[in-house]
Amino acid sequence: MFNADMRRQMLRRKPIQEIEEEIPADERLAKHLGLWQLTAIGVGGIIGAGIFALAGSVAHSVTGPAVLISFLIAGLASAAAALCYAEFAGMIPKAGSAYTYGYVALGELGGWFIGWDLLLEYVAVAAVVAIGVSGYFKFLLEQVDIDLPTWMLGAYGTEDGRVVDVFAVLFCLGTAWLLSRGIRSVGRFETVAVGIKVALVLLIIVLGVFHIDSANYSPYFPFGTAAVFTGAATVFFAVFGYDAMSTAAEESVDGKKHLPKAIIYSLAIAMVLYVLATLVLTGMQKYTEIDPESGFSTAFKAVGMPGVANIIAIGAIVGIITVVLTFMLGVTRVWFAMSRDGLLPEWFAKTHPVRKVPTRVTWIVGIGSAILAGLLPINTVAELTNIGILMAFVVVCIAVVVLRYKRPDAPRTFKLPLMPVIPIIGVIASVWLMLSLPWETWLRFGAWLVVGLVIYLGYSRTHSKLEQTGPAPATGPLVKD
């Protein structure tokens with residue numbers, strides 16, 4: 001099917017060591033992010049719609065109180081992958097995250113597919129989260145008796161009369177505007193907003209624990225024990241975000257040192273808060289009464305604390321916006337990296353002359369996520385995001401094993417323990433969760449990959465920078481010494 005020249009192109013690998021001076025000035029990114037700003041971006045990407053919107057939606061219609069177990073299963077798969085990401089981030093502090101890791105370890109076609117996959121998945125994550133923000137915004141409007149036309153309150157099919165989620169559209173476009181202002185502004189906003197968000201989650205836990213009714217935990221598996229795996233596959237997008245943060249590697253002042261720590265710190269903080277928050281939510285209300293769109297606000301209102309409910313809604317809006325910001329940041333950096341490598345048109349790799357951010361792709365991503373957020377229901381988009389991210393995790397877990405054994409001497413600021421046990425756990429858990437997703441999700445994902453293959457064969461393989469500079473052979477060294 002493929003001739004020798006095409007096979008060579010597909011298997012060529014990108015060298016690890018690329019000095020920044022080789023990058024044209026109009027394709028460089030500004031370095032402003034320190035350890036705690038990176039950690040804030042990671043926490044900002046993980047904690048958001050998972051607590052404030054999706055946890056309630058999944059508990060209500062998929063798992064019941066056992067949503068807690070779904071989060072733990074998803075967290076286990078995510079933790080195994082996080083350690084693999086941490087090792088790569090310490091070796092290759094470059095924009096692109098899983099795309100770049102796959103390109104280095106598995107070759108150009110592997111890198112292309114994971115990058116193409118992430119373009120859709122990160123846009124879809126931003127859309128899911130924007131829908132979550134919209135739910136809390138609508139809750140706030142209801143508290144002050146503002147009655148808006150039904151057609152603008154949600155996607156078609158979510159309720160009678162709804163046509164488009166106008167607020168979700170506006171949140172996506174507003175986030176694109178903020179990203180276009182520069183990475184320094186993004187880092188500052190994320191640090192402040194994440195501080196507010198963590199304080200809010202702690203407030204929810206501290207106040208909510210006094211209103212837990214143990215009777216609400218029974219039955220614990222109303223939809224059956226198998227439902228927790230479907231729930232885990234659905235909430236999985238809520239337990240990653242560090243991967244999107246790692247796409248900002250080139251904008252870190254010391255990526256090799258700070259990125260591995262930021263990945264581990266952000267996931268650890270998020271999982272503790274997730275476990276406690278879901279325990280409170282399902283204890284405060286019967287799962288059948290949890291509001292799928294604004295679970296915590298309605299829960300506190302139901303126990304006679306409307307003031308707290310309003311504070312939660314306001315804080316949720318601020319907190320969830322950080323997730324939109326993190327994943328929109330992620331997709332623009334993956335797109336930027338693929339374009340700089342020549343796999344997509346280089347027109348997209350140009351940065352703003354002053355702010356040094358890829359404004360062209362930022363606005364394209366903003367508009368694309370706005371369309372998804374405005375026209376599709378939250379669970380449909382969430383399932384679409386998860387299959388792609390899980391596939392990325394599979395690739396990263398495999399790639400870290402390949403690179404560890406092919407180049408054990410390559411400098412690493414972090415080495416994951418129990419090699420290859422942890423990557424194997426990551427692969428098995430990710431595949432298991434993928435198999436729990438509906439067949440329609442697989443169909444959409446497969447169609448997207450077919451489109452990607454056509455683009456790669458028709459454009460990317462012949463325009464790749466490695467086609468002009470001369471790639472490392474598929475059987476040769478992975479690192480320039």
Side-chain angles (χ1 to χ4, degrees), residues 49-50 53-54 57-58 61-62 70 74 77 98-99 102 109-132 154-158 162-165 168-169 172 227 229-240 243-244 292 323-324 327-328 330-331 334-335 338 344 364-396 429-458 460:
L54 201 58
S57 175
V58 172
S61 58
V62 180
S70 294
Y99 154 71
L109 185 62
W112 162 263
F113 267 126
I114 207 61
W116 181 250
D117 163 28
L118 292 178
L119 292 184
L120 175 64
E121 309 315 325
Y122 283 177
V123 169
V125 171
V128 170
V129 178
I131 297 169
Y156 177 79
T158 54
R162 289 185 174 183
V163 177
V164 61
D165 194 330
V169 170
C172 288
F229 297 105
T230 302
T234 304
V235 303
F236 186 79
F237 103 95
V239 293
F240 60 84
D243 59 311
V323 186
V324 182
F327 282 97
M328 226 180 258
V331 69
V334 171
W335 194 334
M338 295 176 73
L344 290 172
I364 295 172
V365 165
I367 294 169
S369 60
I371 292 171
L372 288 179
L375 300 179
L376 294 178
I378 188 169
N379 280 3
T380 299
V381 187
E383 289 168 354
L384 181 62
T385 69
N386 290 343
I387 191 170
I389 298 300
L390 286 164
M391 182 60 73
F393 280 14
V394 169
V395 170
V396 170
S430 298
V431 171
W432 191 4
L433 291 175
M434 289 171 69
L435 294 175
S436 299
L437 291 167
W439 68 267
E440 296 93 340
T441 302
W442 281 89
L443 184 62
R444 298 185 194 106
F445 181 63
W448 180 253
L449 293 186
V450 169
V451 172
L453 180 60
V454 171
I455 294 174
Y456 176 79
L457 294 176
S460 305

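Residue numbers run from 1 in the order of the sequence given.
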side-chain contact (heavy atoms from CB on, under 4.5 Å) for I371 and L375? Distances and angles first, verdict last.
CA-CA 6 Å; I371 292 171; L375 300 179; 4.0 Å; yes

Could you tell me the separation between the [atom1] atom of [X] and the [atom2] atom of [Y], rounded to the nearest 0.5 Å?
{"X": "R444", "Y": "L120", "atom1": "CZ", "atom2": "CG", "value": "10.5 Å"}
{"X": "L118", "Y": "M391", "atom1": "CG", "atom2": "CE", "value": "11.5 Å"}
{"X": "F393", "Y": "M434", "atom1": "CZ", "atom2": "CE", "value": "12.0 Å"}
{"X": "W335", "Y": "W116", "atom1": "CH2", "atom2": "CH2", "value": "8.5 Å"}
{"X": "I367", "Y": "C172", "atom1": "CD1", "atom2": "SG", "value": "11.0 Å"}
{"X": "D117", "Y": "F113", "atom1": "CG", "atom2": "CZ", "value": "10.0 Å"}

Can you tell me which residue among V123, V324, V331 is in a side-chain contact (heavy atoms from CB on, under 4.5 Å) with S369?
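The residue from V123, V324, V331 that satisfies side-chain contact (heavy atoms from CB on, under 4.5 Å) with S369 turns out to be V123.
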
Partner residues of Y456 under the side chain to side chain contact (heavy atoms under 4.5 Å, CB included) criterion, sequence neighbours left out:
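Y456: side chain to side chain contact (heavy atoms under 4.5 Å, CB included) contacts with Q9, M10, E108, L109, W112, S460, R461.
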
If you look at every heavy atom in L372 and A127, which pair is closest and at what distance?
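Of all heavy-atom pairs spanning L372 and A127, the closest is CB-CB, 3.7 Å.
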
For V58 and G231, which heavy atoms make the closest approach, and how far apart are they?
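That would be CG1-CA, 4.0 Å.
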
Go through M328 and Y122 one step at a time and tell me if the side-chain contact (heavy atoms from CB on, under 4.5 Å) criterion holds.
CA-CA 7 Å; M328 226 180 258; Y122 283 177; over 6 Å; no

Within a radius of less than 6.0 Å around CH2 of W432, do more than 12 heavy atoms belonging to other residues, nucleotides or ligands occur?
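No.
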
Those residues that, when tested against W442, pass ring pair (Phe, Tyr, Trp, His ring centres under 6.0 Å) (two or more places apart)
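Partners of W442 by the ring pair (Phe, Tyr, Trp, His ring centres under 6.0 Å) criterion come out as none, since no residue qualifies.
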
Give the intermediate values and the outcome of side-chain contact (heavy atoms from CB on, under 4.5 Å) for residues L390 and V431.
CA-CA 7 Å; L390 286 164; V431 171; over 6 Å; no

Is any side-chain heavy atom of F445 closer than 4.5 Å to a side-chain heavy atom of E440?
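In short, these two side chains do not touch, never coming nearer than 4.5 Å.
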
